[in-house]
Amino acid sequence: MPKRLTAREYAFLGLGILFWAAFVILLGKDTSWDFRNYHWYAPYALLNHRMGIDVAVAHQASYYNPYLDIPFYWMAAHTRAWIALAVLGAAQGANIVPLYLMARSALRVDVPASDLKIMAGALSVLGMVGALTLTEFGTTYYDNVMSVFVLTGLTILVLNRDTLRHGPLGKGAALSAAAGLVTGMAMGLKLPELPFCAGFAAALLALGGSWKHQLTRLAAGGIAGVIGFAICSGPWMLYMYQLTGNPLFPYFNDYWKSPLALETSYRDLRFVPAHFWRQLFFPILFTLDWHVADDLGFQDIRVMLAYLLVIAASLVWLFRRESRDPLLDKRVGAVLFAFSAASYLSWLRTFAIYRYVILYEMLAPLLIIGAVGLLPLSRRNRYLALAALCAACLLTARSDFLERAPIEDPYVEAALPPILRPDRTMVVMTGDTPMGFIATTLPRQIPVLRIDGWMVQPRDGTRLTRDMKRRVAAHLQSGGDLYLIADAGDMGRARDALADYRLAIRWPECQQFDTNLIGTYQWCPLSRKS
């Protein structure tokens with residue numbers, strides 16, 4: 001098949017991207033926990049120099065690398081809401097391009113070229129309609145934005161597999177470096193993309209060739225990957241180190257020992273399976289019950305099927321019993337299998353959170369075709385098996401779409417009561433409820449301190465808490481106004497947290513307010529407790 005795309009193929013890909021842009025507009029605004037917590041607040045804090053003013057507003061996420069959030073925040077804050085959502089949908093829909101290019105290059109089906117393109121298009125569309133993939137459209141989790149980077153790196157390897165395996169070393173190094181750069185950038189922008197870097201290294205090895213070609217690919221891809229990571233994460237990590245003494249603050253603070261936080265890792269290990277048998281059957285477990293591996297609901301069997309079939313096909317391949325007419329190019333199959341296996345094992349040990357590997361939902365159709373194509377069955381029986389598997393995936397999938405808000409401007413708005421002396425006002429927050437987005441609606445001269453939440457509590461003994469207690473006391477001593485923002489249903493916890501600061505809520509003066517996203521909150525003046 002010609003390497004260059006035809007006008008019809010460009011039209012298909014362009015219309016696909018536009019479709020997902022329109023789909024996101026129809027869904028409406030993201031109101032997810034993470035968006036309300038930090039995806040809106042983090043870029044606001046960076047662009048408005050809040051890091052030395054606010055404290056832990058978005059819990060641990062207050063200190064995440066905000067570079068990934070800046071484009072959407074800037075668009076949503078300075079253009080119309082529907083424009084920002086359309087661009088976000090187009091970026092997420094762009095996954096269809098690398099999926100199509102890989103399928104187009106890898107399929108080995110005895111049909112006319114035009115039919116092969118239709119099959120590649122169908123596979124790419126099927127990869128875009130996984131249960132959690134659909135749920136994440138229009139959200140700022142960005143797992144399906146980072147997948148564009150990772151799939152692009154993988155596509156470079158697939159499309160240039162012959163050159164990388166046998167071609168000039170210089171050209172192979174350049175291609176490996178290009179693929180490594182975009183993969184490293186993905187990890188730099190979002191650290192949970194780390195497992196895919198391990199998968200990328202395995203894919204480079206799976207291409208085969210002489211030891212010179214393999215060493216050249218690994219060196220070039222690895223160096224470029226480190227550069228990509230440094231570009232997208234290095235400045236922020238350096239800033240965090242200067243600010244807190246921990247470049248990954250607050251994570252791994254048991255190693256870095258920043259006095260601002262507890263000497264613990266702060267990692268979310270709720271889903272990481274500890275026992276061998278649980279690790280072995282983990283894809284089956286989270287397919288039967290999504291609570292095993294995520295906080296977002298979904299039902300989809302495709303990842304489990306890919307997992308089981310890839311293991312079966314690998315054993316058949318190992319014992320040289322595979323079909324002599326595979327449905328995918330064997331070298332592509334080796335690359336995809338190696339990439340998926342290494343990424344999966346790394347993910348299983350570090351995160352085990354399903355949405356971090358949402359890319360597997362997109363790759364699953366290609367993995368399933370590659371695996372079934374290696375089984376020692378007649379071509380007709382393999383086609384029937386694939387048709388049955390495809391139907392099962394589509395019929396059993398269920399997406400639990402998150403609640404969305406109407407599209408209106410401004411993108412984020414809170415109906416806060418009038419603040420008489422903003423230059424003499426301080427706000428404290430309590431509880432675990434995500435309220436970072438509310439902080440962005442306050443006058444910029446007002447500092448916001450979350451004195452109680454996931455990361456800090458009034459009695460934790462950290463320097464962050466000691467500093468906040470000193471700031472609150474000094475603010476009241478100077479005659480400033482102090483207010484509380486808390487979830488309307490969590491005022492008992494607010495009262496207890498404030499008691500540790502020797503503060504009392506002036507209950508008769510509390511006012512309830514809401515926002516244009518979701519939730520009802522309390523705005524209460526505070527005074528020193530006698």
Notebook entry, point to check: Between Lys190 and Val145, does a side-chain contact (heavy atoms from CB on, under 4.5 Å) hold up when you go through it step by step?
Noted result: CA-CA 10 Å; Lys190 185 167 182 173; Val145 173; over 6 Å; no
Closest heavy-atom pair, Ala397 versus Asp300, reported as atoms and distance to 0.1 Å, is CB-OD2, 4.0 Å
Given the side-chain rings of Tyr307 and Tyr344, with only the six-membered ring counted for Trp, is the space between their centroids under 6.0 Å? yes
Beyond-backbone contact of Leu363 with Leu154, side-chain heavy atoms, under 4.5 angstrom | yes
Does any non-hydrogen side-chain atom of Val412 lie less than 4.5 Å from one of Thr515?
no
Distance-only polar pair, side chains of Tyr64 and Tyr251, donor-acceptor under 3.5 Å:
yes
* Decide if the gap between the ring center of Tyr411 and the ring center of Phe437 is smaller than 6.0 angstrom. => no
| query | For Thr350, does its backbone N or O pair with a side-chain atom of Arg267 as donor and acceptor, under 3.5 Å? | reply | yes
* To do: May I ask you to decide if Ala131's main-chain N or O and Thr135's side chain share a donor-acceptor pair within less than 3.5 Å?
  => yes
- Item | Side-chain donor or acceptor of Ser343 paired with backbone N/O of Ser340 under 3.5 Å | no
Met102 and Leu151 have their tightest heavy-atom pair at CE-CD2, 3.9 Å
| Ring centroid separation for Trp20 and Phe137, is it under 6.0 angstrom? | yes
Q.
Main chain of Gln457, side chain of Thr465: is a donor-acceptor contact present, judged purely on distance under 3.5 Å?
A. yes
ask   = Between Tyr354 and Phe298, what is the ring plane arrangement, given parallel below 30°, perpendicular above 60°, and tilted in between?
value = parallel
- Could Asp54 and Arg450 be called an ion pair, given the rule that one side-chain N must be under 4.0 Å from one carboxylate O? no
Using the side-chain contact (heavy atoms from CB on, under 4.5 Å) rule, take Thr139 and Phe35 through it: C-alpha gap first, then chi angles, then the decisive distance, then the call.
-> CA-CA 8 Å; Thr139 70; Phe35 178 80; over 6 Å; no
Are Asp487 and Arg493 ion-paired here, with the side-chain N under 4.0 Å from a carboxylate O? no
What I'd like to find out is whether the side chain of Arg398 reaches to under 4.5 Å of the side chain of Trp290, using heavy atoms alone.
yes
Shortest non-hydrogen pair, Pro250 vs Ala261, comes out as CB-CB, 4.4 Å
Query - Side-chain donor-acceptor pair present, Glu193, Tyr142, cut-off under 3.5 Å - result: no
Quiz prompt | Pair Gln92, Asn144: side-chain N/O donor-acceptor within cut-off below 3.5 Å | solution = yes
Practice item. Evaluate the ring planes of Tyr356 and Phe351, with Trp represented by its six-membered ring, and classify them as parallel (under 30°), tilted (30 to 60°) or perpendicular (over 60°). Key: perpendicular
- Task: Measure the shortest side-chain to side-chain distance between Val129 and Thr133 over non-hydrogen atoms and say whether it is less than 4.5 angstrom.
- Result: no
Does Gly245 offer a backbone N or O that forms a donor-acceptor pair with the side chain of Lys257 under 3.5 Å? no
Worksheet item: Hey, does the side chain of Asp514 reach the backbone of Thr520 with a donor-acceptor pair shorter than 3.5 angstrom?
Response: no
Tightest non-hydrogen contact, residues Ala58 and Asn37, listed as CB-O, 3.1 Å
task = Establish, from distance only, whether the side-chain atoms of Ser32 and Asp34 form a donor-acceptor pair under 3.5 Å.
result = no
Taken to the nearest 0.5 Å, the spacing of Trp523 CH2 from Ile438 CD1 works out to 10.5 Å
Does the Asn65 side chain pair with the main chain of Leu189, one donor and one acceptor, at a distance under 3.5 Å? no
Tightest non-hydrogen contact, residues Ile25 and Ala86, listed as CD1-CB, 3.6 Å
Close side-chain approach of Gln522 to Asp490, heavy-atom, < 4.5 Å: no
- Task: State whether the side chain of Lys469 and the backbone N or O of Ile451 hold a donor-acceptor pair below 3.5 Å, judged by distance alone.
- Result: no
Separation between CG (Leu218) and CD1 (Ile223), nearest 0.5 Å, reads 10.5 Å
Taking the side chain as every heavy atom from C-beta outward, state whether Asp294 and Leu132 have any atom pair closer than 4.5 Å. yes
key: Contact check, side chains of Leu503 and Leu476, non-hydrogen atoms, under 4.5 Å   = yes
Under 3.5 Å donor-acceptor, Arg302 side chain and Tyr360 backbone: no
Evaluation steps, side-chain contact (heavy atoms from CB on, under 4.5 Å), between Arg444 and Ile446: CA-CA 5 Å; Arg444 293 181 183 178; Ile446 297 178; over 6 Å; no
Can you classify the ring geometry of His59 versus Trp454 as parallel (below 30°), tilted (30 to 60°) or perpendicular (above 60°)?
tilted
Phe339 and Leu157: side-chain contact (heavy atoms from CB on, under 4.5 Å), yes or no, with the steps? CA-CA 11 Å; Phe339 170 83; Leu157 302 187; over 6 Å; no
Between Phe286 and Phe282, how do the two ring planes meet: parallel, tilted or perpendicular, split at 30° and 60°?
perpendicular
| request: For the pair Thr31 (side chain) and Ala405 (backbone), establish whether a donor and an acceptor sit closer than 3.5 Å, ignoring hydrogens and angles. | output: no
Scanning both residues in full, the closest heavy-atom pair of Asp460 with Met455 reads OD2-O, 4.1 Å
request  = Would you indicate whether the side-chain heavy atoms of Asn246 and Tyr63 approach each other to under 4.5 Å?
outcome  = no
